[in-house]
Amino acid sequence: MRYLQRLLGIAPRALVVMVGAGLGLTTLDVAPARADALLLVDAGSGKVISERNSTYPWYPASVTKLMTTYVTLKAVRDHRTNLDSVFTVSPNAVAQNPFKMGFKAGTAVTVDNALKMLLVHSPNDIAVVLAEGVSGSIEKFAEEMNAEARRLGMTQTNYVNPNGLPADEQITSARDLAILARALILEFPEYDDYWHIASIRLGKRVYRNTNRLIDAYAGADGMKTGFTCASGFNLVATATRGGRRLIAVVLGAKSSTSRAVKAARLFERGFGTDSLGSVTLSPDPVDLLVPVAATPPDLREDVCEHHRRHRPTEDGDEGGEAGAPAEGTNNIRGRHAVARSSLREAGMLTSGLAAGIPPVEVYTGPVRDEITSNASVAPAPKKQQPLAARRPNGRRLSPFRRHHP
């Protein structure tokens with residue numbers, strides 16, 4: 001609520017009359033959601049299939065990087081930059097913590113390689129490299145992010161940084177993230193293969209995609225994970241079966257496994273393969289879901305205080321997986337609410353779907369130089385779990401893939 005008051009510049013009680021001003025807020029100021037937020041949308045039509053708490057404000061964490069990607073690809077489309085443009089790692093990028101590639105200041109990275117690193121490994125320093133390369137500064141890039149959010153109809157979203165590191169003013173909702181995911185899919189089909197990469201190789205190091213669904217759920221083909229203690233484990237995922245593509249958004253899960261299971265259950269229902277059978281689309285598209293005026297939930301106590309393997313500010317959930325206590329049952333605004341799940345249902349997930357396919361090569365500098373790439377990165381993290389990237393068989397190569405084998 002304090003965020004909305006600051007953002008809108010109005011008194012709290014005035015929020016109840018803002019519907020007529022076009023902000024789309026409901027007429028009640030309500031408490032923050034205590035459960036997770038879930039949303040399933042048909043990517044083609046934008047119709048809502050299932051939702052719970054999808055219009056409550058939430059801290060985005062690293063799913064912020066989807067908008068960083070959107071603004072960057074739009075800059076490429078507008079000929080402000082191109083995929084071969086070389087951006088330089090600044091001291092400001094080096095200072096980003098705690099999850100990053102660890103490149104030295106002055107290291108050169110192409111836009112193409114930076115995007116691959118961003119979407120697969122989720123490094124906070126690379127998000128700053130793209131922001132400064134495209135707009136000149138984090139502040140100017142955040143202005144562009146907010147301008148695009150407004151243009152797309154993401155009425156609950158505000159950005160202050162390109163990587164999702166904790167900030168009270170950095171807010172979104174499942175509704176808005178689904179709108180953004182659709183925009184990426186529909187506006188940039190030539191770059192769709194960016195979402196499919198299951199791992200990247202930098203020199204001798206292989207980095208697995210933080211979105212484990214790509215290797216564990218048949219048909220999964222994107223998009224981005226996020227984690228902070230306040231937000232919980234977030235995921236924007238897409239999957240395609242029988243020519244139909246769905247978008248699932250999960251916010252506030254208690255672990256990365258729980259996050260993946262929730263998304264898989266959404267997909268199973270949407271594709272008509274779970275015990276509930278086929279579903280009927282809502283007549284309303286996702287952008288007509290009515291935003292709720294509330295304070296974003298702070299899940300720190302539930303997610304991190306009881307699971308101390310996580311560092312409080314870590315984003316990208318690479319530091320280990322929190323345990324998954326029983327899921328909350330508070331169904332504040334359920335529409336076709338998804339059945340409650342637990343880790344015992346993880347049998348719907350497999351592993352190794354991408355095994356045997358070489359990782360996508362990335363490098364520093366304007367051209368591939370193994371020596372330079374290895375010398376430019378900080379010492380390797382202790383835990384590395386190589387996993388090959390998926391190249392779907394039988395697909396016609398996109399312009400992106402033809403340019404980047």
Within a strict 4.5 Å, meaning less than it, do heavy atoms of the Thr81 and Phe87 side chains meet?
yes
Are Ser351 and Arg212 close enough that a side-chain donor and a side-chain acceptor fall under 3.5 Å?
no
Check Arg245 with Asp221, please: is the shortest side-chain N to carboxylate O separation under 4.0 Å?
yes
Check: Asn234 side chain, Thr225 main-chain N or O, donor-acceptor pair, under 3.5 Å:
no
On a heavy-atom basis, which atom in Val206 and which in Pro359 lie closest, and how many Å separate them?
CG1-CG, 4.0 Å
Does the side chain of Met145 come within less than 4.5 Å of Asn158's, by heavy atoms?
no
I'd like to know if the side chain of Asn97 and the backbone of Ala95 have a donor-acceptor N/O pair within less than 3.5 Å.
yes
Inter-residue atom distance Leu246.CG - Phe271.CZ, 0.5 Å rounding:
4.0 Å
Verify side-chain contact (heavy atoms from CB on, under 4.5 Å) between Val129 and Phe103, making sure each step is shown before the conclusion.
CA-CA 11 Å; Val129 170; Phe103 294 138; over 6 Å; no
Is there a donor-acceptor pair closer than 3.5 Å between any side-chain N or O of Arg241 and the backbone N or O of Ala218?
yes
Return the CG to CE distance between Leu118 and Met101, rounded to the nearest 0.5 Å.
10.5 Å
Polar side-chain atom of Gln170 near backbone of Asn161 as donor-acceptor pair, under 3.5 Å:
yes
Steps toward side-chain hydrogen bond (donor to acceptor under 3.5 Å, both in side chains) verdict (Ser122, Lys224)
CA-CA 8 Å; Ser122 195; Lys224 190 71 193 71; 2.9 Å; yes
Side chain of Ser135, backbone of Glu132: donor and acceptor closer than 3.5 Å?
no
Are the side chains of Leu251 and Tyr56 in touch, meaning some heavy atoms are under 4.5 Å apart?
no
Between the OG1 atom in Thr69 and the CG atom in Leu184, the distance rounded to the nearest 0.5 Å is 7.0 Å
Do Arg175 side-chain atoms and Leu39 backbone N/O form a donor-acceptor pair below 3.5 Å?
no
Ring-plane angle category for Tyr207 and His121, please: parallel below 30°, perpendicular beyond 60°, tilted otherwise.
tilted
With Asp42 as reference, evaluate Arg244, Lys47, Arg182 under the salt bridge (charged side-chain N to carboxylate O under 4.0 Å, His left out) test and give the passing residue.
Arg244
Determine whether the side chains of Lys65 and Ser62 contain a donor N or O and an acceptor N or O closer than 3.5 Å.
yes
Only residue of Asp125, Ile126, Val89, Val128 satisfying side chain to side chain contact (heavy atoms under 4.5 Å, CB included) with Lys100 is Asp125
Before you tell me yes or no, could you show the steps for Trp195 and Val236 under side-chain contact (heavy atoms from CB on, under 4.5 Å), namely the whole-Å CA-CA distance, both residues' side-chain angles and the distance that decides it to 0.1 Å?
CA-CA 11 Å; Trp195 324 126; Val236 178; over 6 Å; no
Under the salt bridge (Lys or Arg N to Asp or Glu O under 4.0 Å) rule, what pairs show up with a residue in residues 67-82, not counting sequence neighbours?
Lys74-Asp78, Lys74-Glu148, Arg77-Glu187, Arg80-Glu144
Pairwise distance CD1(Ile179) to CG(Leu152) - rounded to 0.5 angstrom
8.0 Å
To check you understand the geometry: which heavy-atom pair defines the closest contact between Ile171 and Pro296, and what is its length?
CD1-CG, 3.5 Å
How about Trp58 and Leu299: do any of their side-chain heavy atoms sit closer than 4.5 Å?
yes
Backbone N/O of Val290 and side chain of Thr55: donor-acceptor pair under 3.5 Å:
yes
Given the options Thr240, Ile49, Leu213, Phe267 meets side chain to side chain contact (heavy atoms under 4.5 Å, CB included) only with Leu213
Measuring from Leu177:CG to Thr157:OG1, what's the distance to the nearest 0.5 Å?
6.5 Å
Applying side-chain contact (heavy atoms from CB on, under 4.5 Å), run through Val109 and Met117 and close with a yes or a no.
CA-CA 10 Å; Val109 184; Met117 295 173 195; 4.3 Å; yes
Would you say that Leu289 contacts Ser54 through its side chain, given a criterion of any heavy-atom pair below 4.5 Å between the two side chains?
yes
Given 3.5 Å as the limit, does a donor-acceptor pair link the side chain of Ser85 with the main chain of Val111, or not?
no
Nearest 0.5 angstrom please: Ile197 CD1 to Ile200 CD1, how far?
8.0 Å
Taking Asn53 for the side chain and Asp36 for the main chain, is one N or O donor matched with an acceptor at less than 3.5 Å?
yes
Do Leu83 and Leu115 touch side chain to side chain, with heavy atoms closer than 4.5 Å?
yes
Check against side-chain contact (heavy atoms from CB on, under 4.5 Å), Asn113 and Val362:
CA-CA 6 Å; Asn113 284 309; Val362 297; 3.5 Å; yes
Pick one: which of Phe141, Tyr194, Phe188 meets ring-ring contact (aromatic ring centres under 6.0 Å, His included) with Tyr70?
Phe188
Where do Gly352 and Asp215 come nearest, in terms of heavy atoms and distance?
N-OD2, 2.9 Å
Of all heavy-atom pairs between Ala105 and Pro91, which one has the smallest distance, and what is that distance?
CB-N, 4.3 Å
Considering non-hydrogen atoms only, spot the tightest contact between Ala108 and Val86 and give its length.
CB-CG1, 3.3 Å
Side chain to side chain, Val360 and Val120, heavy atoms closer than 4.5 Å
no
Is there a side-chain contact between Leu266 and Lys262, using heavy atoms and a 4.5 Å cut-off?
no
Minimum heavy-atom distance Ala43-Ile185, with the two atoms named:
CB-CD1, 4.3 Å
Are any side-chain N or O atoms of Ser258 and backbone N or O atoms of Ser255, one a donor and one an acceptor, separated by less than 3.5 Å?
no
